[in-house]
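First the proteins, then the strands, lettered A, B, ... as listed; each starts at 1. The figures here come from the full heavy-atom set of this structure, side chains too, leaving out hydrogens, waters and symmetry mates.
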Protein chains: 2
Amino acid sequence: MAPRKLSLAGPATLRDVARVAGVHPGTVSRALNPQTRGLVNERTARRVLEAAEELGYRPNPIARGLRTNRSHTIGVLVPDLMNPLFAAVVRGIEDGLREAGYTPLIANTDNDATRERVAYEAMSARQVDGFIAATAVRDHWLLADQVGAGAKVVLVNRRVDSDAIPAVTGNDHEGIRLAVEHLAKLGHRRIAHVAGSQALYTGWSRHRGFLDAMRARRLEVDPGLVVFSDAFNEREGARCCGELLDRRRDFTAIVAGNDLLALGCYDALEERALRCPEGVSVVGYNDMPFVERFRPPLTTVRVPHYELGATAAALMLEQLRSREAPPRQLELAPELVIRGSTAPVADTGDRATTRTAGKGPAGQRRTEGESGTAGETRTARAGKADRNTASLDTLQ
Amino acid sequence: MAPRKLSLAGPATLRDVARVAGVHPGTVSRALNPQTRGLVNERTARRVLEAAEELGYRPNPIARGLRTNRSHTIGVLVPDLMNPLFAAVVRGIEDGLREAGYTPLIANTDNDATRERVAYEAMSARQVDGFIAATAVRDHWLLADQVGAGAKVVLVNRRVDSDAIPAVTGNDHEGIRLAVEHLAKLGHRRIAHVAGSQALYTGWSRHRGFLDAMRARRLEVDPGLVVFSDAFNEREGARCCGELLDRRRDFTAIVAGNDLLALGCYDALEERALRCPEGVSVVGYNDMPFVERFRPPLTTVRVPHYELGATAAALMLEQLRSREAPPRQLELAPELVIRGSTAPVADTGDRATTRTAGKGPAGQRRTEGESGTAGETRTARAGKADRNTASLDTLQ
DNA sequence: AGCGCGACTGCAAACGTGTGCATAATCCGT
DNA sequence: ACGGATTATGCACACGTTTGCAGTCGCGCT
């Protein structure tokens, strides 16, 4: 009759609830789990729920995890949170998982294989229920090793040839097509490409997209006008663009593999006293925060990174719910955002019309030669700007 | 004699190791824990270690946590990861915790009280060993409620009047002093302040710092030249600066509560056809990534956010190791980074010398009137730039 | 020889849940 | 009224570790 233990300290446990409800702990477990509630009499179930409420009972995920081998936790492998792009992806993942009661466990890998491995080991030791890998290295041990062994994996921002692995990416093919199309409409014929590292999926796929888009427009792709960077940063962008300029100067526009490479192009152009967009037009990729405030404001392709993360979370939940959910591979649509770094190709002398880089407060500017889609993308742009400031709204 | 279970599937457990080493699981536990290894014979300890190595044994943190009520996990409450500032703090925290074997569990709160509460509950249910709170709301339930009950809490980017809680912040007082000093040396006398929200610690302390610094320089603080924003974003910055300009135009410089507010000032100035820095000098705060590429490149106060996070992690480890470690409160030194948004006060007409906003590739520029500390900060700046590109180096 | 002591290791009980199995209670049909 | 089916609950073990307690063994000392 005397309770085995008072459990004065610490949060209420199943046994505590059982005691006040006057039933066995096992019954409490069944009553509280919606899955098994049908097994228990409705009246006693209500009694148990009341007791749990009264005691402020919260199930202990640790103990539950020990018993069930599930942690309601998803490991998220990301190269670097300080890259705003991945911050957005992670934010999307977190919000997408939350409603289902899952929590992300985040680790930065710096694209380093051993750090990746260590993080993976640590996470699977913690019994994560699955992995969302935002690391974009094209060839990856995770896929070969672990997926076959039943590990749930969802890729974001990269995909793999086999259809076996769910993945969600931006449609790079379409994005680059928009960029090339835009430049072509402005009269550009000789277009260069500063490509990202071909070891990363995004660099590789955007390069392929460039070739296809040029071909579709019946534009020549001069191999001398394509140069590959080693990393997605400004230094490499400057190096590649400089190399391009040292070879020849007959191109009028550059499609960069991402915004940082485009910024590097700015630097290389300025160093050689060339002006953008009067001398050379530049298009970036990603639409990072604040690129609209650069000099000149950068025309770029917006990738919905937050939504990328959110749908990756959705795909993961799909995999977790049903054993045999088909591994879907999704592509999200990009948008072209036209700003001040692209202009009609110079008519040998008449540069007056394209001189200043915009009058509006944020330097937003619509290129004159554009007719059809420009208005559309411009409004889309405005929406994005609101989202950006809202996200930075929180503090500091 | 027959083993109770083969444990064919799944990772090796303590019992498996015990079986091949020919000892009791308890002994294995003691042998593998460096703390208790002294209790076991050296020879058998070696045998156990070999067996563990052979089987690839990895301790199960879930089971351990259930027994010890410790998870080797630290809850990190942050307003928004998409704010690069907090991304850096979180990165510092993660790196600081890793070497000690701790893992951060990150949640975004959006500075929303209920989301904060939910995240806190979820985390403490998961048995986190402590909390690092980067949320800067000045008055906070966490402190009153939970700390007294023995919860380990470390504050980052904010502090509290009582000395009871360890905290690490940037030295806002000193940072603002550097900014005011810089402007005063350039000849500015009438300096305005676009302050951050006074509900947040950083906004409040920088405002106080502004008052002190002005007084120390024997400069009048005109209440009409101080305006308070509701949030740290560009829209609010533009609103406040506009309000300032509508009131009067006799000030020559603005100290903004952070970089985003400073950007808002850019917008308001441009809207009224005023030029920066020729018409009005602007100083920001934080040195966000890419502010050196804005138009004009922003003079600002660098806060070492990564180090903020790293030392917060160190303080947390201190608290965890010893029961009675004194709760230290640290302040990290800021640096002034001089760029193109500040110039000597105009001598009514002679503006030619301060016309263009810089020649260098990154718009880096040293103000002429500066003599002493400028060179110093400039080199410090360069170091920061390297760190920045390195962090964005990883991908995309 | 007997006693005590230190060094080492086995034993078993937890930690809080989930769940197969057994059992008790109720109901229904003939 | 009784056997079987259905329902509701108790019982006990398992998940993998940690840890207090007790037991074993060897050794030195009187």
Return yes if some donor-acceptor pair links the side-chain N/O of B:E116 with the main-chain N/O of B:N111 below 3.5 Å, else return no. no
A:L66 CG to D:dC15 P: how many Å, rounded? 9 Å
Walking DNA chain C from its 5' end, the first of B:V23 and B:A63 to be reached, judged by nearest nucleotide, is B:V23
Can you measure B:Q127 atom CD to C:dT17 atom C1' for me and round it to whole angstrom units? 13 Å
Sorted by chain and residue number, the side-chain contact (heavy atoms from CB on, under 4.5 Å) partners of A:A314 (sequence neighbours excluded) come out as none
Please encode protein proximity along nucleotides 19-27 of chain D as a string of B, S and -, counting only heavy-atom distances under 4.0 Å. BB-------
Rounded interatomic separation in angstrom, taking CG from B:L55 and P from D:dG16: 14 Å
Ring pair (Phe, Tyr, Trp, His ring centres under 6.0 Å): pairs with one or both residues in residues 30-66 of chain B, sequence neighbours excluded: none
Residue pair A:L49 / A:R46, side-chain heavy-atom distance below 4.5 Å: no
With a non-hydrogen cut-off below 4.0 angstrom, is B:L39 in contact with a base, only sugar-phosphate, or nothing? base
Are there more than 12 heavy atoms of other residues, nucleotides or ligands under 6.0 Å from atom CZ of A:R58? no
Taking the side chain from B:E94 and the backbone from A:N108, do they hold a donor-acceptor pair closer than 3.5 Å? yes
Can you measure A:I62 atom CD1 to D:dT17 atom C1' for me and round it to whole angstrom units? 13 Å
If you look only at pairs with a residue in residues 88-116 of chain A, which of them pass as a ring pair (Phe, Tyr, Trp, His ring centres under 6.0 Å), with sequence neighbours excluded? A:H72-A:Y102
Find the distance between CG (A:L320) and CD1 (A:I74) and round it off to the nearest 0.5 Å. 5.0 Å
How many whole angstroms separate atom CD of A:Q35 from atom C1' of C:dG20? 17 Å
Ranking D:dG16, D:dG10, D:dT17 by distance to the side chain of B:R64, first place goes to D:dT17
Below 4.0 angstrom, which residues in residues 44-53 of chain B have at least one non-hydrogen atom near DNA chain D? none
Go through the structure and list residues passing side-chain contact (heavy atoms from CB on, under 4.5 Å) with A:N69, not counting sequence neighbours. A:Q127
Expressed as a whole number of angstroms, how long is the span from B:R43:CZ to C:dT9:C1'? 14 Å
Which whole-number value in Å describes the distance from B:R19 CZ to C:dG10 C1'? 16 Å
For B:R15 and D:dC13, what is the distance between atoms CZ and C1' respectively, to the nearest whole Å? 12 Å
A:N41 side chain: which of C:dG16, D:dT17, D:dT9 is closest? D:dT9
